[in-house]
Amino acid sequence: MSTFSKLLKNCIFVAYPSGGSGNAFSRILYIHEEFFYWNILFNPWYIYDTNCKKSLDWIETQEHTDIFKDKKVYTPTHLDFRSIYNKGREEATEKKFKNYIYNHANKQLITDFIKSRKKVILPTHVPINSLAKNFPANTSINLYSNKEESIKNHRGWKPLPQSLTEKYYWEPHNHPNILNISKEKLFSKNFNEFEKEYKKIISYFNLEKTYTNKIRAFILRYIERCEYYKNMELEITNTFRRLQYEKS
């Protein structure tokens, strides 16, 4: 089996709309040993944040950050990382995926991943129906959001007009290889709602261990920071988009 085939076979896609907490969700999954996570070139805080060693670590250096770095917006709650593959809304065909991996992915990272014999999580804004069409054999997670809540409570990355028309950003998709997870329920302040959604993940992937308390603490802090820093993030993202518009 080719290297690419081995890579693709063990990929789990996560589809979510802009501002849909897809990176925070991925970090929750990576606490489980069944998923490939740690590599110095695959840490979710870029090179300058190498003091963070675990997926649920927080980026304390970003506590009051409102600067631009390498054309990225760094804020206290935008939990980003070096993805193997993270394309926009366009259709994600296997050919595009393979070209992206060949041209952008770190080759040592790919080698380490294949040797681990684990699954890797690939968050993307590609709609779940496109992933199901082009990667029918792969497991995908549809991290769908509540449209009204996303419009009302966005932190700067509000849904784009074309995203609002995309049905499966906002509701479950019935497919044998898709796990539907509600963002609002998993990231809920209500413990029972959170726990029920988290147990769906544990059951679907038959995960050996649960980390309810650790993940719950992470989510509550994430929610708190989102609320506390909302105005700061709105200012940052509005400035970022204005600068991007002026350059175009």
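Residues: numbered from 1 along the sequence shown. Keep in mind that this is a model prediction, so the values were computed, not measured.
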Under 3.5 Å donor-acceptor, Trp170 side chain and Glu148 backbone:
no

Start with the C-alpha gap between Ser55 and Phe35, add the side-chain angles, then the distance that decides, and say whether side chain to side chain contact (heavy atoms under 4.5 Å, CB included) holds.
CA-CA 11 Å; Ser55 66; Phe35 302 117; over 6 Å; no

Do the side-chain N and O atoms of Ser21 and Tyr222 include a donor-acceptor pair separated by under 3.5 angstrom?
yes

Would you confirm whether Asn138, through its side chain, and Leu8, through its main-chain N or O, come within 3.5 Å as a donor-acceptor pair?
yes

Give a yes or no on whether the backbone of Asn146 and the side-chain of Glu184 come within a donor-acceptor separation of less than 3.5 Å.
yes

State yes or no: are the ring centers of Tyr211 and Phe218 separated by less than 6.0 Å?
no

Report yes or no: do Tyr144 and Ile141 belong to one cluster of Ile/Leu/Val/Met/Phe/Trp/Tyr joined by side chain heavy-atom distances under 4.5 Å?
no

Can you check salt bridge (Lys or Arg N to Asp or Glu O under 4.0 Å) on Glu171 and Lys167, steps first, answer last?
CA-CA 7 Å; Glu171 62 182 61; Lys167 177 180 179 181; 3.7 Å; yes

Please report the C-alpha distance between Tyr198 and Thr210 in whole Å, then the side-chain angles of each, then the deciding distance to 0.1 Å, and finally whether the side chain to side chain contact (heavy atoms under 4.5 Å, CB included) criterion is met.
CA-CA 9 Å; Tyr198 177 50; Thr210 60; 4.1 Å; yes

Glu224 and Arg221: salt bridge (Lys or Arg N to Asp or Glu O under 4.0 Å), yes or no, with the steps?
CA-CA 5 Å; Glu224 180 184 50; Arg221 190 172 185 199; 5.3 Å; no

Within the side chain of Lys118, is there an N or O that forms a donor-acceptor pair under 3.5 Å with the backbone of Glu33?
yes

Taking the ring centre of each residue, are Tyr16 and Phe25 less than 6.0 Å apart?
no

Please determine whether side chain to side chain contact (heavy atoms under 4.5 Å, CB included) holds for the pair Lys200 and Leu186, giving the CA-CA distance in whole Å, both sets of side-chain angles, and the decisive distance to 0.1 Å.
CA-CA 10 Å; Lys200 285 169 61 176; Leu186 185 67; over 6 Å; no

